[in-house]
Amino acid sequence: MTIHLKYWKQDGPDAQGYFEEKTLDTVNEHMSFLEMLDVLNEELQLEGKDPVEFDYDCREGICGSCNLVINGQAHGPNAKTACCQLHMRTYNDGDHITIEPPRAAAFPVIKDLVVDRSGFDRIIEAGGYVSVKTGSAQEANSTPIEKHSSDMAFDYATCIGCGACVAACPNASASLFTGAKIAHLNKMPQGEVERYDRVVAMVDQMKEEGFGDCSNYGECEAVCPQGISISAIAEMRRDYVKAMFS
Amino acid sequence: MKLDGKIPEGPLEQKWSLHKKNMKLVAPNNRRKYEVIIVGTGLAGGAAAASLAEMGYKVKSFCIQDSARRAHSIAAQGGINAAKNYPNDGDSVWRLFYDTIKGGDYRSREANVYRLAEVANNIIDQAVAQGVPFAREYSGLLANRSFGGAQVSRTFYARGQTGQQLLLGAYQAMMRQVQEGGVEYFPRHEMLEVVIIDGKARGIITRDLVSGEIVRHEADAVVLATGGYGNVFYLSTNAKNSNVTAAWRAHKKGALFANPCYVQVHPTCIPVSGDYQSKLTLMSESLRNDGRVWVPRKKGDDRHPNDIPDEERYYYLEERYPSFGNLVPRDVASRNAKLVCDEGLGVGETGLAVYLDFRDAIKRDGLDTISAKYGNLFDMYHNIAGENPYKQPMKIYPAVHYTMGGLWVDYNLMTNVPGLFATGEANFSDHGANRLGASALMQGLSDGYFVLPATIGNYLADEEIGKRYGTDHAEFEKAAGEAQAQIDKLLSIKGKRTIVDFHRTLGKIVWDNIGIARNAEDLKKAIKEIQELREEFWTNVYVPGEKNNYNKYLEFAGRVADFFELAELMAKDALDREESCGCHLREEYQSEEGEAIRNDEDFSYVAAWEYQGVNGELKEQLHKENLEFEFVELKQRSYK
Ligand SMILES: Cc1cc2nc3c(=O)[nH]c(=O)nc-3n(C[C@H](O)[C@H](O)[C@H](O)COP(=O)(O)OP(=O)(O)OC[C@H]3O[C@@H](n4cnc5c(N)ncnc54)[C@H](O)[C@@H]3O)c2cc1C
Ligand code: FES
């Protein structure tokens, strides 16, 4: 099939960005979206042009490297699907597709569609862990954890850190990402000890990175490739308030 | 060169504890005066960075991705083994050890494998303490399942995302140390050279993948936790950035590369659909618990699979291996899939696929039961292949999955270059000629949390505190110059073929000749083809862009250059090993029924190769570490 592409080019964080266009005639419905971009890049190179840069690694929807905004939607049109898992059979012959990087002040562009998401690392650094040293753990089965809580913890822990939530949020908030880690650890007794210190440290770091506030738009939940529930944010806010006033 | 595995004395069960007792320690107040470079942030590297920093060492951690959390370990699905024996089904450290060494077809060291089995229980404790949400029973206690044909249930799992959850645990522990100042963190940095001064590893050269800058880092020891080399095949289940560069560049500086021909091919992957294919996706092998594997009996039968009656279906695993049936080990399942496709019975557009059919399981257990067990896998298949596996059989085909070979290390995980360590999939140490399911996560974390933190102290204790040569030392100068020169060379060729084109062509040679089955004639032919293609690569590759900017294709070009050399070594190693063992099937050495025949008399050794230069041909010298078996009896595997 034929696909008309329009994609963002930008040489560096301070350079002026612009759109470039190209039509591909050799798109196959079984290709993944990123394979379609591989084909674009092969063609560009054979024409002696620079390829367009984009981030990826696993191509299985689990590493969180890919984070394209496709026709205005983070990860494209399919629910609970990272763009590396999106297949061209979703599109029709002759479609026009616009590809942009996630746009947020806290995610400066490195090149083309590649952005700097190191703010996410610093949010985890601030408190997204249990402070247990290697070797000091007790026997794994000495603390039973209700299956339901543990399953819920998993649902939050499944976040892949791609940043689609930030890209989709009109405020460019990282609340779903931050809330997911907080809610994961809250659901486990291991996370309980540092619960309130954690929430304050992580939320403060999120603000410091320049991510916006949450106004309950709910766009983050809608685009999350792992389908993480926005209830994580409510939990984070509740704990933050408690921590502040206790 | 005499290879000394440095295996401690004593009974098998006590070797590790005696060794720990005898090793030298670094005093806590001195630890912060030692710097350790750890390349890689997967399970092996992330766990080591966290643990060493907690002990007080100064750690510098490097990875290619934009965050440590994205290392390839994140993709592991099925689970991690440990002999906790919670299900009370007769498991023990000994049994886990025995299964692992037997699974490896007796081509690994007893002492290493025993230690792995012994340490595994601590990993589960550690991960649970970090808040890893493993699957649990209604009692609130940890759940286990049987995996990869094991007769006991010893696999711990977090739905189909065990690697992700374990890696996030290690990553978070590491990030805590970044905040506390124990770990200096360098994401988007690729190691290009090791720096060796006076015979010891003293640092590395990296490229900052954002600015393109070549950077020098000095330390007291260097750890390579850089993963496996499956991407030499171009198509594999590995992440796109997985590579051999760190290990290979260390090899070129003197580190021995062991058993490069041992590559595991996983039987249940989604088949290749076209030329544009960039990677292959694994479907968990748990599917074989309920799915039945078959092909049409008649060549070229192009009826819809649902229209082919039972008597015209060839359930080849069930017929050939009546006692194990569809649950034969990975290598046996893979080999048989290839055989039936070679006979022309394969299905799908390419003829390189077999059916994995759930029709009978759904009839027997009901749709709901099957969906509860495999729902997410079925959805994944549906999404990628565009066919509904509830309604028609899946198509599957084997794909390269894991590399057992890697840098040669002794019992302390140190290569033959003093001060240079290798952990996780990057070393060769624990899986022999074939790795059992759920044991790579176990090995990575065992190396990272428990083994390396103990053994590295033993090395550092003898190193002069605070000794620094300075990064303007001639060896740093030279290594940085080499790294830069290769980049300049690659960019200057401006040829006609793209990097992907070369890589894909190389991968096809490797897959066809050094893949599931090998023979001397094909291996010799492959060596020639690899050499010719490599020659062409260096004169006709097109590398776009600039060196002082983010440039993914430039990164790939350097990695493909290393794959070209590794591929030749794999062929040489496969040619040298005139036996069949584990995943290495030499067609000349099999029984009439097509079963692998090991030759313990002549080949019970680790093949450790020493680099001697490339000049049209790759020159390598073979060193042998003989494997001694004191505690287990060697048997031919049989799954009939
Ligand atoms: C799809 C899939 C499923 C799997 N499922 C299971 C399973 O269920 N159970 C199991 O036990 N095993 C499984 N495995 C195997 C297992 O996941 C891997 O063997 C293991 O995770 C490897 O861990 P590692 O830490 O050694 O390396 P990796 O996780 O590969 O990490 C390598 C690290 O090194 C870095 N690196 C590499 N080269 C350089 C360089 N030159 N410079 C700087 N950094 C570099 C990378 O950035 C990365 O951080 C699976 C593998 C695959 C592909
Ligand atoms: S590339 Fe890993 S999630 Fe898309």
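Just so it is clear, the values below take in all heavy atoms, side chains as well, and ignore hydrogens, waters and symmetry mates. Protein chains get the first letters and strands the later ones, always in sequence-line order, with residue 1 at the start of each.
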Practice item. Could you check which of A:K49, A:E29, A:Q85, A:M36 has the highest count of heavy-atom pairs closer than 4.5 Å to chain B? Key: A:Q85
Exercise for review: Mark yes or no for whether B:K279, through its side chain, and A:C58, through its backbone, hold a donor-acceptor pair below 3.5 Å.
Suggested key: yes
Review point. Side chain, backbone, both or neither: which part of A:I160 has a heavy atom under 4.5 Å from chain B?
Key: both
Check your understanding: Side chain, backbone, both or neither: which part of B:S139 has a non-hydrogen atom closer than 4.5 Å to chain A?
Key -> backbone
Check your understanding: What residue, out of A:G191, A:P189, A:G64, has the most heavy-atom pairs lying under 4.5 Å from chain B?
Key -> A:G64
Review point. Checking A:T158 against chain B: side chain, backbone, both or neither under 4.5 Å from a heavy atom?
Key: both
Check your understanding: Are any side-chain N or O atoms of A:Q190 and backbone N or O atoms of A:V130, one a donor and one an acceptor, separated by less than 3.5 Å?
Key -> no
Practice item. Output the option from B:R70, B:Q65, B:R188, B:Q126 having the highest count of non-hydrogen pairs under 4.5 Å with chain A. Key: B:R70
Point to revise | Most contacts with chain A, counted as non-hydrogen pairs under 4.5 angstrom, among B:K496, B:K552, B:M175 | key: B:M175
Revision key, fill the gap. If one checks every heavy atom of A:Q138 against chain B at 4.5 Å, the contacting part turns out to be backbone
Check your understanding: Which residues satisfy the side-chain hydrogen bond (donor to acceptor under 3.5 Å, both in side chains) test with B:Y234, sequence neighbours excluded?
Key -> none
Review point. Looking only at atom types and distance, does a side-chain atom of A:K9 sit under 3.5 Å from a main-chain N or O of A:D112, one as donor and one as acceptor?
Key: no
Exercise for review: Heavy atoms only, distances under 4.5 angstrom: which of B:F156, B:F450, B:Y553 has the most pairs with chain A? Name it, please.
Suggested key: B:Y553
Review point. Quick one: what part of A:V132 sits under 4.5 Å from any heavy atom of chain B, side chain, backbone, both or neither?
Key: both
Practice item. Tell me, yes or no, whether the heavy-atom count around A:K22 atom NZ, taken from other residues, nucleotides or ligands under 6.0 Å, exceeds 12. Key: yes
Point to revise | Contacting moiety of A:H148, where chain B heavy atoms sit under 4.5 Å | key: neither
Check your understanding: Once you round to the nearest 0.5 Å, how far does OG1 of A:T23 lie from CG of A:L5?
Key -> 7.5 Å
Exercise for review: Could you look at B:L280 and say if it's the side chain, the backbone, both or neither that has a heavy atom under 4.5 Å from chain A?
Suggested key: backbone
Exercise for review: Side chain from CB out, backbone as N, CA, C, O: work out which of these in B:N549 comes under 4.5 Å of a heavy atom of chain A, or both, or neither.
Suggested key: side chain
Practice item. Go through B:K240, B:Q172, B:R176, B:Q179 and name the one with the most non-hydrogen pairs under 4.5 angstrom from chain A. Key: B:R176
Exercise for review: Measure from the side-chain N and O atoms of A:N141 to the backbone N and O of B:L142, and report whether any donor-acceptor pair falls under 3.5 Å.
Suggested key: yes
Review point. Are any side-chain N or O atoms of A:N67 and backbone N or O atoms of A:P101, one a donor and one an acceptor, separated by less than 3.5 Å?
Key: no
Check your understanding: Take atom NZ in A:K147; do more than 12 heavy atoms of anything else shown fall under 6.0 Å from it?
Key -> yes
Review point. How about B:E180: does its CD atom have over 12 heavy atoms from other parts shown lying under 6.0 Å from it?
Key: yes
Revision key, fill the gap. Interface check, chain B: of A:S142, A:G135, A:S118, most non-hydrogen pairs under 4.5 Å belong to A:G135
Practice item. Examine whether an atom of A:L185 lies under 4.5 Å from a heavy atom of chain B, and if so say whether it belongs to the side chain, the backbone or both; otherwise answer neither. Key: side chain
Review point. So which part of B:A385 gets closer than 4.5 Å to some heavy atom of chain A, the side chain, the backbone, both or neither?
Key: backbone
**Study point:** Matching residue for A:K187 among A:E146, A:E192, A:E235 - test: salt bridge (charged side-chain N to carboxylate O under 4.0 Å, His left out)
**Key:** A:E235
Point to revise | Under 4.5 Å from any heavy atom of chain B - which part of A:V115 | key: backbone
Review point. Checking heavy atoms, do the side chain of A:S65, its backbone, both or neither come under 4.5 Å from chain B?
Key: both
Check your understanding: For chain B, which of A:S131, A:G128, A:G48 has the most heavy-atom pairs under 4.5 Å?
Key -> A:S131
Revision key, fill the gap. Looking only at A:M188, A:E125, A:H87, A:K111, most heavy-atom pairs under 4.5 Å shared with chain B are made by A:E125
Point to revise | Residue B:N551 versus chain A: region with a heavy atom under 4.5 Å | key: both
**Study point:** Greatest number of heavy atom pairs closer than 4.5 Å to chain B - which of A:S136, A:C63, A:G12, A:P51
**Key:** A:C63
Study note, to complete from the structure: From the list B:K84, B:M380, B:H72, the residue making the most non-hydrogen contacts under 4.5 Å with chain A is B:K84
Exercise for review: Look at the side chain of B:T162 and the backbone N and O of B:Q77, then say whether any donor-acceptor pair between them is shorter than 3.5 Å.
Suggested key: yes
Exercise for review: Let me know if A:C84 has heavy atoms under 4.5 Å from chain B in its side chain, its backbone, both or neither.
Suggested key: neither
Check your understanding: For B:N241, does its backbone N or O pair with a side-chain atom of B:N243 as donor and acceptor, under 3.5 Å?
Key -> yes
Practice item. Answer yes when B:R559 and B:E190 have at least one side-chain N-carboxylate O distance shorter than 4.0 Å, and no when they do not. Key: yes
Check your understanding: What part of A:R89 lies closer than 4.5 angstrom to a heavy atom of chain B: side chain, backbone, both or neither?
Key -> side chain
**Study point:** Heavy-atom proximity to chain B below 4.5 Å, by part of A:D11
**Key:** both
Revision key, fill the gap. Whatever's closer than 4.5 Å to a heavy atom in chain B on A:N78 counts as neither
Review point. Between B:V543 and chain A, which part of the residue has a heavy atom less than 4.5 Å away: side chain, backbone, both or neither?
Key: neither
Point to revise | Stepwise side-chain hydrogen bond (donor to acceptor under 3.5 Å, both in side chains) check, A:T134 with B:E54 | key: CA-CA 8 Å; A:T134 303; B:E54 286 164 4; 3.2 Å; yes
Study note, to complete from the structure: Assert top hit (heavy-atom pairs under 4.5 Å, partner chain A, pool B:I64, B:I384, B:V210, B:V128) equals B:I384
Check your understanding: For the residue pair A:Y56 and B:F556, does the interplanar ring angle fall in the parallel (under 30°), tilted (30 to 60°) or perpendicular (over 60°) class?
Key -> parallel
Point to revise | Toward chain B, the part of A:Q205 with a non-hydrogen atom under 4.5 Å | key: neither
Review point. Take atom CD in A:Q16; do more than 12 heavy atoms of anything else shown fall under 6.0 Å from it?
Key: no
Check your understanding: Between A:E35 (side chain) and B:S278 (backbone), is there a donor-acceptor pair under 3.5 Å?
Key -> yes
Check your understanding: Tell me, side chain or backbone of A:D121 under 4.5 Å from chain B's heavy atoms, or both, or neither?
Key -> both
